[in-house]
Each structure stands twice: as structure tokens, then as C-alpha cells.
There are 2 protein chains.
Amino acid sequence: MRLLLVEDDLILKDGLERSFVKSGYAVDVISDGEGANKLLTYQEYDVIVLDLGLPKLSGFEVLKRLRARGSNTPVLILTALEDTQNRVKGLDLGADDYLTKPFELAELEARVRALIRRGVSGGSAKISFGGLVFDTTNRQCMVGDVALSLSAREMALLELLILKATKVVSKVKIMEHLCSWDEEISENAVEVIVSRLRKKLLVFGVEIKTIRGLGYLLAKLETN
Amino acid sequence: MRLLLVEDDLILKDGLERSFVKSGYAVDVISDGEGANKLLTYQEYDVIVLDLGLPKLSGFEVLKRLRARGSNTPVLILTALEDTQNRVKGLDLGADDYLTKPFELAELEARVRALIRRGVSGGSAKISFGGLVFDTTNRQCMVGDVALSLSAREMALLELLILKATKVVSKVKIMEHLCSWDEEISENAVEVIVSRLRKKLLVFGVEIKTIRGLGYLLAKLETN
DNA sequence: GATTAGCTGTCAGTTTCACGTCAGCTTGAT
DNA sequence: ATCAAGCTGACGTGAAACTGACAGCTAATC
């Protein structure tokens, strides 16, 4: 899942990025409002963590313009403790959740996860497909009571495919969701990851179908 | 989705039309205000992209009369950079969004998408025809809860036919829709693609009728 | 700091299949 | 009957996708 972190505090920025990356997100970080606003006109994210106190363009403005553009990407805002008024203002402007500094890292992560889920699976922490049960909280995929042994990349791909259910996901989309700005992978790399995941899923009656020129989609295996 | 582009600049007109068509819109283009106004009295659109500087009847007038007729079709206006005053005037008159020239094509498309999403209830970009449901955002065609297995070309053709509903679509239009700029395909190629798609749709009670010398149209199968 | 194990991207050789071409046929208008 | 427009099965081709092998990297263990 691709996450945008808008935060100007150096220490916080680094800490959060590190922790999100570790949790398997593709993270982009930007530290001023103007840049964030510009970035958001052409790049889609699954979730945005937005500090309100920003240089150049306030977090409010960024949020307001994002919503004005019709985006419904989930946004979590970070506010200072005493700043109740701004918190309310943020929610009015279309934020989906807020957190007051200082906060527990675990709580932030939990809320971010909740936001991502809300849009897709009706808020449930576990999404099932065929015989698979994908646990978004622990980032684990179970078959019965056995955990599938998947690598980080495979897990991230499966997460994306399972969230999109039976919809076609293009190779470019996959690249975008697995990678943040600085890293970059080839189309062939995606093919390789697909190939490896496909082999593992096939055993459990789940198939990754290829739609030539368009992308991939998850489907139940038709047993002929 | 049906889009009206009102623009008199030749180059801009062509570029925008091409790009919108490629993105799967059914695009009508008209280059003067009077014509636009007339057209809008009897033709509904999902979204209108309206340049303000037009011959015969200004964009303002077109917009004003449209709203006076009680229409709430989303309108995005294009203005020159320095023209802040007109921008404000446009928004007052009932435009839903504006963009100043010069602009990024990607941004225009994003905003148009946003307008459509905002307007349509639930943001469903789905068009149904007979038993088919065509999902334009995911580029997928469903019958019940099964996804039709179509190739890229077939999908593009079906998209065009379904967007134009029961109207006749000429072979040339199809060629334009399926090909970009440089590549080019023969008329016979179109016939082949039609033939292949036709076979797949027939199973689901949807027919592609041939109108000799004019083109093709989508129709519900009459079971005699 | 050496060793090992697992992950992940690159490469190259192979396979697959979508699509345009063609040819022969059908249809329909005059 | 003639002719043009359209249909469609067969086929070849080239691009897209697949995948086994490999190498660089990281993280863990001793």
C-alpha cells in the first residue's frame, strides 16, 4: 500500500518513515505543503498522513484542495495536543481521523490500517478470498489455520490483489503500490513476483489470471 | 461517460478530443458558443469542458443559459492565466471547477474524473446494457458476477459501442478509438475484431448489428 | 567478521497468444 | 447477375509474459 507522509519535523519524519517502511508500506515523504499539494494532483495514494503545521501551505489548505479535486483518499491529520479547534476544523474539511502529538507509534499504525480497510472491506480486519484469509493487521495470509509462507514482496502483491478482489490490476499499478519514489523496479520484476506468488497460490485453488496488455487479477481456480 | 468539449482553438481541440477519447469518453466537440448552446438544449452530457473565449456566444452565456434551463451538469471552465476576475465570475455563474491555461493534460483529466464522480451517485462509473455491466474505471465487463474474458482490443471496442449506446458507430470512428496517433489498422481488422466480440456477446443476448455502409451498433438480441 | 539463508531484481531463453492479414465465402443492393 | 461490403476460419508473427538460473544484498547466527 502506498502512503504519503507530509511532515516537516525532521526527527518525526525519519522515525515515521522508517517504521512505515518496515510495516510494508511504500512511503513517500514530503515536508512542505506546496509540494504535497502539487504531488497530490497527479499521484494517487492509499492513505495520507498529514501534519497541520507546515511551511508554505498549511495542512488545511492541502486537505481542502485535495477534497476540492474530488479525491476521497483517506487522510489522517496530526495535531498538537492543545489544538482542539484545529482538529475540528480538519475533520470538517474532510479528514477521516486525527491523532494528537505526542502519540504512540503503534496507535498511528493501527489507525492508518483502519483507514485503508474502511474503504475496501467494510472495516473488517480480515479479508477472505476462496480458501484464503488475509489478515491485514498482522499482514499474514492463512489457509485454514496454517500461515502461508510468503516473502514481503509477495505479501504486498497479494494484499493489493485481494483488496481489489476480482478487478484487473495493471502492472504499472502494481509497481506504484510496491515502490515509493526513490526505488523503482522493472516490469519484468513484477512478472517474476507474480510468477513466484502464483506458484504458491495455485496449490490452494487460487489463480492469478493474466490479461494480456492489461494486467492481472485474482480468481478462483476452475477445476475442469 | 459522455463529454462535451467546447473549444475553438484548433490545436487544443484536437489534442483534448484525442486524449479524452483514448480515456474512454464519448466526446462531442463544438467550437462556437451558439452551437454549443443549441446542442445543450436537447443533448444531455455527463460533463462539459467549456472554454470561455468563444466566437458568437461567450462561454459565460452558454453556462448561464444552461443553468437557467435548470441543468446541473458539471461544468469545468478553461480560462487564461491572468483572468482571475472571469474565473470568479464563472464560478458564480455555476461552474463546478476551473483550470487556467496552460495546464497539464493529466490534471484536466483528473478534475473531469472528479466532477463525474461527484455528480454520479455513489461514484459508480458503470454503464449497463442488456445483461452487461461495463465498469469504465476498472475496464471490465461483468455479466452477473462473472467477468467477461475479453482481450484489450475487444474491451476497447465494447467500451466504445456501449458508450454510444444504440447509436451507429462508423468503422472510421472505431479505428480512431482503437489506435493511437502513429499506428493504423485496416478496415478489415475492425471487421475481424467486431466478429470476435460479436461471437462472445451473442451468448449473453447482446447483438452487434451491422448497418451497411455506415457502421455498427449495439442492440439487445431479439429472440424469435 | 565469517558464514549462511532467504529475499529480490536482472537476464536470457522459451512459450504463449492477441491481432492483423489473407482468402474464400455470404449477404444485400441494384 | 453483378458487384461491393462484410464475415469469418486459418495462419503467421512479433510482442508480451513466463520462468529457471544467477548474483548482490541483508539480516541473523555463531
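Basis for what follows: all heavy atoms, side chains included, without hydrogens, waters or symmetry-related copies. So that the names make sense, note that chain A is the first sequence line, chain B the second, and so on, each numbered from 1.
By the ring pair (Phe, Tyr, Trp, His ring centres under 6.0 Å) test, A:Y45 pairs with no residue at all, sequence neighbours left out. Considering only residues two or more places apart in sequence or on other chains, A:T41 meets the side-chain hydrogen bond (donor to acceptor under 3.5 Å, both in side chains) condition with none of them. B:F20 meets the ring pair (Phe, Tyr, Trp, His ring centres under 6.0 Å) test with B:Y25; sequence neighbours excluded.
Phosphate proximity of D:dG6 to B:S195: absent, as no side-chain N or O sits under 4.0 Å from OP1 or OP2. Distances shown here put a side-chain N or O of A:T210 below 4.0 Å from the OP1 or OP2 atom of D:dC18. A close approach under 4.0 Å does occur between a side-chain nitrogen or oxygen of B:S151 and OP1 or OP2 of C:dC19. A close approach under 4.0 Å does occur between a side-chain nitrogen or oxygen of A:Y216 and OP1 or OP2 of D:dC18. The side chain of A:K171 contributes no N or O atom lying less than 4.0 Å from OP1 or OP2 of D:dA16.
A:E7 and A:S31 are not linked by any side-chain donor-acceptor pair at a separation below 3.5 angstrom, with hydrogens and angles left out of the test. With 3.5 Å as the limit, one finds no donor-acceptor pair spanning the side chains of B:N37 and B:E34. For A:R67 and A:T73, the side-chain atoms include no donor-acceptor pair closer than 3.5 Å.
Looking at B:K171 and B:E191, a side-chain N of the basic residue comes within less than 4.0 Å of a carboxylate O on the acidic one, giving a salt bridge. Ion pairing between a basic and an acidic side chain is recognised when a charged N comes within 4.0 Å of a carboxylate O; A:E154 and A:K200 show such pairing.
Rounding to whole angstrom units, CE of residue A:M175 and P of C:dT10 are separated by 10 Å. To the nearest angstrom, P of D:dC7 lies 14 Å from NZ of B:K209. Spacing between atom CD of B:E191 and atom C1' of D:dG9 amounts to 14 Å, rounded to whole angstrom units. Going from atom CD1 of A:I185 over to atom P of C:dT10 covers 8 Å, rounded to whole Å. Residue A:E187 contributes atom CD, which lies 12 Å from atom C1' of D:dA15 at whole-angstrom precision. Atom pair B:K199:NZ and D:dT8:C1' shows a separation of 7 Å (rounding to whole Å applied). Between B:I193 atom CD1 and C:dT21 atom P there is a gap of 10 Å when expressed in whole angstrom units. Rounded to an integer number of Å, the gap from B:E154 CD to C:dC17 P is 14 Å.
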Nucleotide N/O to protein N/O under 3.5 Å, stretch nucleotides 22-29 of chain C:
residue, atom, partner, partner atom, Å
C:dC22, N4, B:N188, OD1, 3.3
C:dT27, O2, B:R212, NH2, 2.6

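Pairing analysis of DNA chain C (Watson-Crick: purine N1 to pyrimidine N3 plus N6-O4 or O6-N4; G-U wobble: N1-O2 and O6-N3; both under 3.5 Å) yields stems of 3 or more pairs at C:1-30 with D:1-30.
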Mind running salt bridge (charged side-chain N to carboxylate O under 4.0 Å, His left out) on A:D135 and A:R113 for me, showing each step along the way? CA-CA 11 Å; A:D135 182 342; A:R113 253 180 278 124; over 6 Å; no
Would B:K220 and B:E207 count as a salt bridge (charged side-chain N to carboxylate O under 4.0 Å, His left out) here? Give the steps. CA-CA 6 Å; B:K220 281 163 204 168; B:E207 185 186 7; over 6 Å; no
Just do the salt bridge (charged side-chain N to carboxylate O under 4.0 Å, His left out) check on A:R111 and A:D97 with the steps written out, would you? CA-CA 8 Å; A:R111 290 184 179 225; A:D97 200 356; 3.0 Å; yes
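Contact detail for A:L40 and A:I48: the closest heavy-atom pair is CD2-CD1, 3.6 Å.
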B/S/- along nucleotides 22-29 of chain D (protein heavy atoms under 4.0 Å) is --------
